[in-house]
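Working notes, structure below.
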Amino acid sequence: MSYVDEVLELVKKKNASEPEFIQAVTEVLNSLRPVVEANEELYKKNAILERITEPDRQFMFRVPWVDDKGQVQVNRGFRVQFNNAIGPYKGGLRLHPSVNLGIIKFLGFEQIFKNSLTSLPIGGGKGGSDFDPKGKSDREIMAFCQSFMTELSKYIGADVDVPAGDIGTGAREIGFMFGQYKRIKGTFEGVLTGKGLTYGGSLARTEATGYGLLYLTQELMKCHGESMEGKTVVVSGAGNVAIYATQKAQQMGAKVVTCSDSTGWIYDSEGIDVALLKEVKEVKRARLTEYAAARPSAEYHEGRGVWQIKCDIALPCATQNELLIDDAKQLVANGCKCVCEGANMPTTIDATEYLQQNGVWFVGGKAANAGGVATSALEMSQNSERLSWSFEEVDAKLQNIMVNIYHNIDDAAKRYGMEGNYVAGANIAGFEKVVNAMLAQGVC
Ligand code: NDP
Ligand code: 2IT
């Protein structure tokens, strides 16, 4: 049995109740086969694959808080510190009722390779809770965030582990958590990113994941002799990533015709009105039915369905496993040329393979959505030097990072005879840097 297969078997056995984690590890290890085969003796002797698939440590803790009726509620909190070979642990905090250890581990594992691809010195981690922010008052959100940070503060720090936003965690939640960290520790430090602009946040961090996704997509199109101008784009999600992906795609001259949330989706023949979408989702925190009610060109549909709309480019920006094999078939049948992932692992393995086999240019989330965490690392740099850069300066750095990521993953795929396989290219390029650091640092 090959070393990759041995470790895959082991990971499946040891983590049998964590399907998303097994899915993420399977995708990465399968695509690393040529690199591992070229260095099999060295990697095996140093147990590189066993070490990279086992978190450095994982915390699980009780989060008690009092709701507006005076009732005590209890949630479960998580932080997985996966790998700090190239820098402090870095990765978001997800607040969603579906959160469990396996989901946080899959996200933390992916973060190792994504963070390495940014070219910045950040290791991989992730956290969150099964707390559901939907329908909660601001006071309830604050009560939860303060309790969550009371425990989390024991494990993080500006040079140790720097959390940020993810699903359900935006500027409001980061603000409450930062306040509690400061209160407990008595230090004002860049322990979280995605902070408000008045207390150490970076300009362009809010936009960074969506904008970065489009900078990479544009470079990919350009390298295939195409442009974004006049293209029809289908986006899923209606949160931070989806909103700013839509805005940047439109600035590039494309027409984005869909968005979706956890209950339904919108088809807007005139193109999504970003200002209205922001009002509905960021200000009112309401359902997409409100978007449809305010916009005559928009149709609202219950359930899922954006991938059935004809498009040139599809950008999944909601959550994991939201683009399935039948969706991939529909996209190919409709002539879609390009799929770039704004979300983490939104496309299942069989759907990914179908898209690749049918000539769709497919870039996975580790590369395509790395602009968010890259800009978080730029926020860390600004905090360290106690300065703030202009929007233009941060945005220019972000563009440069995303263009470089595209070329690095393209080159890595070519080096191993897999031209056009950007999934393999991203995993290989991300892995190479981390493995070199791990080998240099000895057994740890
Ligand atoms: P938000 O919470 O801002 O938005 C998430 C969106 O996806 C919402 O529209 C939400 O619907 C929808 N959604 C969430 N869960 C589900 C579900 N189980 N089924 C259907 N729809 C769902 O999160 P973000 O935009 O920040 O994150 C979106 C994705 O991008 C995630 O995969 C995240 O990990 C990834 N990502 C985020 C980065 C960031 O900087 N924020 C960076 C890199 C990746 P509803 O409105 O109903 O809740
Ligand atoms: O998935 C991700 O890369 C994020 N949620 C952003 C992490 C970060 O530290 O900015």
Side-chain angles (χ1 to χ4, degrees), residues 20 87-99 103-104 106-115 117-118 120 122-128 132-135 161-174 190 192-195 201-202 204-213 235-246 259-266 277-278 280-282 284-291 303-304 306 315-323 341-347 364-380:
E20 292 86 0
Y89 306 105
K90 182 85 197 85
L93 296 169
R94 178 173 292 190
L95 301 182
H96 193 273
S98 63
V99 163
I103 288 182
I104 298 301
F106 116 66
L107 291 162
F109 180 70
E110 299 246 300
Q111 206 81 43
I112 304 170
F113 304 92
K114 182 196 304 193
N115 293 4
L117 283 174
T118 65
L120 300 168
I122 39 179
K126 199 85 185 189
D132 186 358
K134 282 210 182 78
D161 181 357
V162 183
D166 193 80
I167 290 178
T169 306
R172 176 181 58 168
E173 292 73 20
I174 292 292
L192 294 166
T193 59
K195 298 184 291 299
S202 174
R205 174 62 188 89
T206 306
E207 296 84 354
T209 311
Y211 279 21
L213 173 66
V235 169
S236 66
N240 173 267
V241 181
I243 287 173
Y244 294 97
T246 299
C259 60
S260 66
D261 67 13
S262 49
T263 54
W265 58 285
I266 294 283
L277 185 60
K278 286 175 75 165
V280 171
K281 283 292 171 185
E282 289 182 349
K284 294 185 179 161
R285 300 180 190 272
R287 309 301 338 155
L288 285 175
T289 41
E290 292 214 12
Y291 178 96
R304 54 194 299 283
V306 295
L315 305 174
C317 295
T319 191
Q320 68 273 5
N321 295 331
E322 53 154 325
L323 199 164
E341 295 183 332
N344 287 309
M345 206 169 75
T347 314
K366 290 184 211 84
N369 72 36
V373 76
T375 308
S376 277
L378 299 178
E379 182 172 328
M380 290 165 71

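All values derive from a computational prediction rather than experimental measurement. Both ligands and their constituent atoms are indexed starting at 1 by order of listing. What you see below is based on every heavy atom in this structure, not just the backbone, and it leaves out hydrogens, waters and symmetry mates.
- Distances from ligand 1 to the non-hydrogen atoms of Ser260 include at least one value under 4.0 Å.
- Side-chain contact check for Ile104 versus Val99: some heavy-atom pair is nearer than 4.5 Å.
- In terms of N/O distances under 3.5 Å, ligand 1 is not approached by Cys317.
- At least one heavy atom of Lys134 sits closer than 4.0 Å to an atom of ligand 1.
- Remark: minimum distance from atom 9 (O) of ligand 1 to any protein heavy atom is reached at Ala238 N, 2.9 Å.
- Ranking protein heavy atoms by distance to atom 2 (O) of ligand 1, first place goes to Gly168 N, 2.9 Å.
- Among the atoms of Gly372, none of the N or O lies under 3.5 angstrom from an N or O of ligand 1.
- Distance check: Lys126 NZ to Phe106 CZ gives 8.0 Å after rounding to the nearest 0.5 Å.
- By the criterion of a heavy-atom distance under 4.0 Å, the side chain of Arg205, and not its backbone, is placed next to ligand 1.
- Regarding atom 18 (N) of ligand 1, its nearest protein heavy-atom neighbour is Thr319 CG2, 3.8 Å.
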Checking Asn344 against Lys114 for the side-chain contact (heavy atoms from CB on, under 4.5 Å) test, could you report, in this order, the C-alpha distance in whole Å, the side-chain angles of both residues, the deciding distance, and whether it holds? CA-CA 10 Å; Asn344 287 309; Lys114 182 196 304 193; 2.9 Å; yes

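- Protein heavy atom in closest approach to atom 10 (O) of ligand 2: Ser376 OG, 2.5 Å.
- At least one N or O atom of Ser262, backbone or side chain, sits closer than 3.5 Å to an N or O atom of ligand 1.
- Asp261 CG to Lys134 NZ: the interatomic distance, rounded to the nearest 0.5 Å, is 7.0 Å.
- Heavy atoms of Thr209 found under 4.0 angstrom from ligand 2: none, in either backbone or side chain.
- Protein heavy atom at the shortest distance from atom 15 (N) of ligand 1 is His96 NE2, 3.6 Å.
- The shortest separation from a heavy atom of Ala370 to ligand 2 is not under 4.0 Å, leaving the residue out of contact.
- Here NE2 of His96 is found 11.0 Å from OG1 of Thr169. Values are rounded to the nearest 0.5 Å.
- Looking from atom 23 (O) of ligand 1 to the surrounding protein, the closest heavy atom is Ile167 CA, 3.4 Å.
- Atom 29 (C) of ligand 1 has its closest protein heavy atom at Ala318 O, 3.1 Å.
- For ligand 2, the atoms lying closer than 4.0 Å to a non-hydrogen atom of Ala164 are 8 (C), 9 (O), 10 (O).
- Polar contact check, Asn344 against ligand 1: a nitrogen or oxygen pair lies under 3.5 Å apart.
- Within ligand 2, the atoms closer than 4.0 Å to a non-hydrogen atom of Gly92 are 7 (C), numbered from 1 in the order shown.
- An N or O contact shorter than 3.5 Å is missing between Pro163 and ligand 2 by distance.
- Nearest non-hydrogen protein atom to atom 3 (O) of ligand 1 is Asn240 N, 2.9 Å.
- Of the candidates Asn369, Val241, Leu277, it is Val241 that places a heavy atom closest to atom 37 (C) of ligand 1.
- With rounding to the nearest 0.5 Å, the separation of CG in Leu107 from CG in Leu93 is 11.0 Å.
- Closest to atom 9 (O) of ligand 2 among all protein heavy atoms lies Lys90 NZ, 2.7 Å.
- Between the OH atom of Tyr89 and the CD1 atom of Ile112 there is a distance of 10.0 Å, given to the nearest 0.5 Å.
- When each atom of ligand 1 is checked for a heavy atom of Arg94 under 4.0 Å away, the hits are 31 (C), 32 (O), 33 (C), 34 (O).
- Residue-ligand proximity: Met345 is placed with every non-hydrogen atom at 4.0 Å or more from ligand 1.
- Compare Asp166, Leu107, Asn321 by their heavy atoms: the one nearest to atom 33 (C) of ligand 1 is in Asp166.
- Counting only heavy atoms from C-beta outward, the side chains of Leu288 and Leu277 approach each other to under 4.5 Å.
- Ligand 1 lies less than 4.0 angstrom from a heavy atom belonging to Lys281.
- Contact annotation: Ser98 has no heavy atom less than 4.0 Å from any atom of ligand 1.
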Quick one: do Thr319 and Arg94 satisfy side-chain contact (heavy atoms from CB on, under 4.5 Å)? Show the steps, please. CA-CA 11 Å; Thr319 191; Arg94 178 173 292 190; 4.0 Å; yes

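- The option from Arg94, Lys114, Arg205 that lies nearest to atom 6 (C) of ligand 2, judged by heavy atoms, is Arg205.
- Applying the side-chain contact (heavy atoms from CB on, under 4.5 Å) test between Met380 and each of Leu120, Ile122, Thr375 identifies Ile122 as the sole match.
- Note: an N/O pair closer than 3.5 Å links Gln111 and ligand 2 by distance alone.
- At under 3.5 Å, not a single nitrogen or oxygen of Gly237, backbone or side chain, sits near a nitrogen or oxygen of ligand 1.
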Cys259 vs Lys281, test: side-chain contact (heavy atoms from CB on, under 4.5 Å). Steps then yes/no. CA-CA 11 Å; Cys259 60; Lys281 283 292 171 185; over 6 Å; no

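- Under 4.0 Å from ligand 1, not a single heavy atom of Gln320 appears.
- Shown are Glu341, Glu322, Gln320; of these, the side-chain hydrogen bond (donor to acceptor under 3.5 Å, both in side chains) with Thr347 is made only by Glu341.
- Within the structure, ligand 2 has Lys126 among the residues with a heavy atom less than 4.0 angstrom away.
- With a heavy-atom cut-off of 4.0 Å, Arg287 touches ligand 1 through its side chain alone.
- Between Thr263 and ligand 1, not a single N/O pair is under 3.5 Å apart.
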Please walk me through it: do Ser376 and Lys195 pass side-chain contact (heavy atoms from CB on, under 4.5 Å)? CA-CA 10 Å; Ser376 277; Lys195 298 184 291 299; over 6 Å; no

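- A side-chain contact (heavy atoms from CB on, under 4.5 Å) with Thr193 is found for exactly one of Leu378, Val162, Ile174, Val373, namely Val162.
- The shortest distance between side-chain heavy atoms of Arg285 and Pro133 does not fall below 4.5 Å.
- In the candidate list Asp132, Thr375, Thr209, Thr209 is nearest to atom 42 (C) of ligand 1, counting heavy atoms.
- Atom 4 (O) of ligand 1 has its closest protein heavy atom at Gly239 CA, 3.2 Å.
- For ligand 2, the atoms closer than 4.0 angstrom to any heavy atom of Gly165 are 4 (C), 5 (N), 6 (C).
- A distance of 7.5 Å separates CZ of Phe109 from NZ of Lys366, quoted to the nearest 0.5 Å.
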